[in-house]
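Quantities reported herein were computed from a predicted structural model and do not represent experimental measurements. Start at 1 with the first residue, then count along the sequence.
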Amino acid sequence: DVQLVESGGGSVQAGGSLRLSCAASGYTYRPYCMGWFRQAPGKEREGVAGLFTDVDITFLVDSVKGRFYISQDVAKTTMFLQMFSLTPEDTAMYYCAATYGLGTRDPLSRTQYNYWGQGTQVTVS
């Protein structure tokens, strides 16, 4: 199976920046698709950013376009979410996710992911 570990969360003031990391391990074959999701208290988990690992095609939810950037390292073992111009609305627990699903078409849909990390908290005041 795949193990995912997030890091990089913290507390910042509005307008600040953070970079989240997701380290993937324990797999035989690289996940087909990976993504970042977030969940605030009382709200459903929503997709923030995603990518198809083999072709480096990326996706961002409209609310973070121009502020967030998703990428992966050359070895494709670590995924990043660089966040600029953070607002209080970005406050949430951020989760890393991965899937081997060949039918995945929307990397921002949480129902298509099988593996999840434990999350890292982002708080913006």
Side-chain angles (χ1 to χ4, degrees):
D1 59 346
V2 179
Q3 289 81 52
L4 304 172
V5 180
E6 304 95 333
S7 62
S11 299
V12 298
Q13 290 186 305
S17 303
L18 286 172
R19 188 184 73 163
L20 307 184
S21 298
C22 173
S25 62
Y27 57 82
T28 301
Y29 301 99
R30 184 184 304 112
Y32 176 70
C33 184
M34 298 183 68
W36 286 100
F37 292 76
R38 64 186 180 186
Q39 186 168 24
K43 298 182 179 180
E44 295 184 346
R45 190 170 300 186
E46 66 170 346
V48 177
L51 65 85
F52 293 110
T53 58
D54 287 344
V55 296
D56 290 316
I57 296 177
T58 62
F59 301 84
L60 294 167
V61 69
D62 287 344
S63 62
V64 307
K65 288 181 178 178
R67 299 189 298 122
F68 291 11
Y69 302 88
I70 186 172
S71 62
Q72 61 184 339
D73 66 345
V74 175
K76 300 182 178 181
T77 58
T78 304
M79 180 177 64
F80 305 98
L81 184 67
Q82 179 65 60
M83 305 183 293
F84 296 106
S85 301
L86 287 163
T87 74
E89 288 68 41
D90 296 315
T91 296
M93 183 73 74
Y94 283 70
Y95 299 90
C96 175
T99 183
Y100 289 98
L102 297 178
T104 300
R105 294 180 294 175
D106 182 5
L108 301 183
S109 177
R110 66 183 187 278
T111 61
Q112 300 187 48
Y113 289 86
N114 308 104
Y115 303 95
W116 296 86
Q118 295 300 307
T120 183
Q121 179 67 39
V122 171
T123 302
V124 186
S125 61

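Atom NZ of residue Lys76 and atom CG of residue Asp56 lie 5.0 Å apart, to the nearest 0.5 angstrom. In this structure, CE in Met93 is found 7.5 Å from OG1 in Thr120, a value given to the nearest 0.5 Å. Between atom OG of residue Ser11 and atom CG of residue Leu86 there is a gap of 11.0 Å, rounded to the nearest 0.5 Å. From Thr99, atom OG1 reaches atom OH of Tyr32 across 10.0 Å, with rounding to the nearest 0.5 Å. With rounding to the nearest 0.5 Å, the separation of CZ in Phe59 from SG in Cys33 is 7.5 Å. To the nearest 0.5 Å, the span separating CG on Leu18 from CD on Gln82 amounts to 8.5 Å.
Under the 4.5 Å side-chain heavy-atom criterion for ILVMFWY residues, a single connected hydrophobic cluster contains both Met34 and Leu81. In terms of hydrophobic clustering, with Ile, Leu, Val, Met, Phe, Trp and Tyr side chains grouped at heavy-atom distances under 4.5 Å, Val124 and Leu20 are assigned to a common cluster. No continuous path of hydrophobic side-chain contacts links Val2 to Trp116 [ILVMFWY only; heavy atoms under 4.5 Å]. Linking ILVMFWY side-chain heavy atoms closer than 4.5 Å, directly or via other members, places Val48 and Val5 in two distinct hydrophobic clusters. In the hydrophobic clustering of this structure, Met79 groups with Tyr29; members are Ile, Leu, Val, Met, Phe, Trp, Tyr whose side-chain heavy atoms approach within less than 4.5 Å, directly or through other members.
Aromatic ring centres of Tyr113 and Phe37 lie closer together than 6.0 Å. Checked against the 6.0 Å centroid criterion, the rings of Trp36 and Phe68 do not qualify as a close aromatic pair.
The two atoms that bring Ser17 and Val12 nearest to each other are O-CG1, 4.0 Å, heavy atoms only. Residues Ala40 and Ala92 approach most closely at N-CB, 3.9 Å, considering heavy atoms. Nearest heavy-atom pair across Gly50 and Pro107 is CA-CB, 4.1 Å. Smallest separation of non-hydrogen atoms from Leu4 and Tyr115: CD1-O, 3.6 Å.
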Item checked: Gln72 and Leu51: CA distance, side-chain angles, deciding distance, side-chain contact (heavy atoms from CB on, under 4.5 Å) verdict -> CA-CA 9 Å; Gln72 61 184 339; Leu51 65 85; 4.0 Å; yes
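With contacts defined as side-chain heavy-atom distances shorter than 4.5 Å, the pair Asp73/Phe80 qualifies. By the 4.5 Å heavy-atom criterion applied to side chains, Thr91 and Gln121 are counted as neighbours. Side-chain contact between Arg38 and Val64 is present, with heavy atoms from C-beta onward closer than 4.5 Å. Within the 4.5 Å cutoff, the side chain of Tyr100 has no heavy atoms near those of the Asn114 side chain.
Aromatic ring orientation, Phe84 versus Tyr69: perpendicular (interplanar angle above 60°, classes split at 30° and 60°).
Formation of a donor-acceptor pair under 3.5 Å by the Gln112 side chain with backbone atoms of Arg105 is found in this model. Judged purely by atom type and a 3.5 angstrom limit, Glu6 uses its side chain to pair as donor or acceptor with the backbone of Gln118.
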